[in-house]
Amino acid sequence: KALGCVIYDKTLHGTKYGDDHDLFYDVQDLENEGVLSRKLMEHVWKDYKQEKQFLVCLCKKILLMSSFGFNNGSRKIDESLDAENYLVPSMLSGVTKKESENFPDPTAHLCMYIVFNSSLPTGVFERVLCFFVQKSADKEGTDEPKICKNWAAVSLRDCFVYIVCEPAK
C-alpha cells in the first residue's frame, strides 16, 4: 500500500493528491517528470513514519527509485533518507521526445550508448535508468540528466551515457 502512494499509473488511477494546493507542484513533478520531493514523500508516507527509511532503502535497492540531487543545484545528503528528491522512473510521463534533439553534443564528451532495439520486460529500462542516475547523483560536478519515458542522457562527470529504448514495432 505504501509503495502505491508514490508509484501508480495516473491514467488508471487519476491524479493523486490533487486537492492539496501546498503539494500541487510536487505532485506535478512526480506525475510528469518522475521526481518525488521529500515534502511529498513525507506527506504520503505520514502513516509509515517508522517504515519510511526502510521503504526508501528498499526502493533504492530494487531500483524503483534513486536519489536525484540535481534540482536547484542541491546535493544535500541526509543520512536517514539521503536526498531531497528522488527519481521514480516508472512515473515518467508517456510523452516521448525525439532523443537526438535533446542529447548533448557527442563531440564534446566521451559517450556510451545503450540502445534497446526490442521491447523489454516491464521495468527493465526504468531500472537501468535508475542505476545510472544514482551513479551520476553520487558524483560531484555532474549535470542534471535529461530524461524521458523512452530515453535518457546521463552525465558521469566527463562522460555521457545515452540510454534509448526504442518502441516495439
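Side-chain contact check for Phe68 versus Pro145: some heavy-atom pair is nearer than 4.5 Å. Side-chain atoms of Leu30 and Tyr8, non-hydrogen and from C-beta on, do get closer than 4.5 Å to each other. Side-chain contact check for Ile163 versus Cys165: every heavy-atom pair is 4.5 Å or farther apart. You'll find the side chain of Met91 stays beyond 4.5 Å of the side chain of Asn32, heavy atoms only. Side-chain contact between Tyr86 and Ser66 is absent, with no heavy atoms from C-beta onward closer than 4.5 Å. Between Met41 and Leu55 the shortest side-chain heavy-atom distance does not fall below 4.5 Å. Using a 4.5 Å heavy-atom threshold, the side chains of Trp45 and Glu51 count as separate.
Annotation: the span from Arg38 atom CZ to Asp26 atom CG amounts to 12.5 Å, rounded to 0.5 Å. Taking CG of Asp47 as the start and NZ of Lys52 as the end, the distance is 10.0 Å to the nearest 0.5 Å. In this structure, CZ on Phe116 lies 15.5 Å from CH2 on Trp151, to the nearest 0.5 angstrom. Here the CD atom belonging to Glu126 is positioned 10.0 Å from the CG atom belonging to Leu87, to the nearest 0.5 angstrom. Rounding to the nearest 0.5 Å gives a distance of 10.5 Å between OH of Tyr48 and NZ of Lys46. To the nearest 0.5 angstrom, Leu40 atom CG is 9.5 Å from Asp29 atom CG.
Between Ile62 and Arg127 the shortest heavy-atom distance is O-NE, 3.0 Å. In terms of heavy-atom proximity, Leu3 sits nearest to Cys59 at CD2-SG, 3.2 Å. Nearest heavy-atom pair across Leu64 and Cys130 is C-SG, 4.0 Å. Here the closest non-hydrogen pair linking Lys149 and Leu92 is CD-O, 3.4 Å. Scanning all heavy atoms of the two residues, the minimum distance from Val6 to Val88 falls at O-CG1, 4.1 Å.
Ring planes of Tyr162 and Tyr113: parallel class, angle under 30° (limits at 30 and 60°).
Between the side chain of Lys39 and the backbone N or O of Asp22, at least one donor-acceptor pair lies under 3.5 Å. Within the 3.5 Å criterion, the main-chain N or O of Thr142 finds no donor-acceptor partner in the side chain of Ser155.
Under a cut-off of 6.0 angstrom, the local environment of NZ in Lys61 is sparse, with at most 12 non-hydrogen atoms contributed by other residues, nucleotides or ligands.
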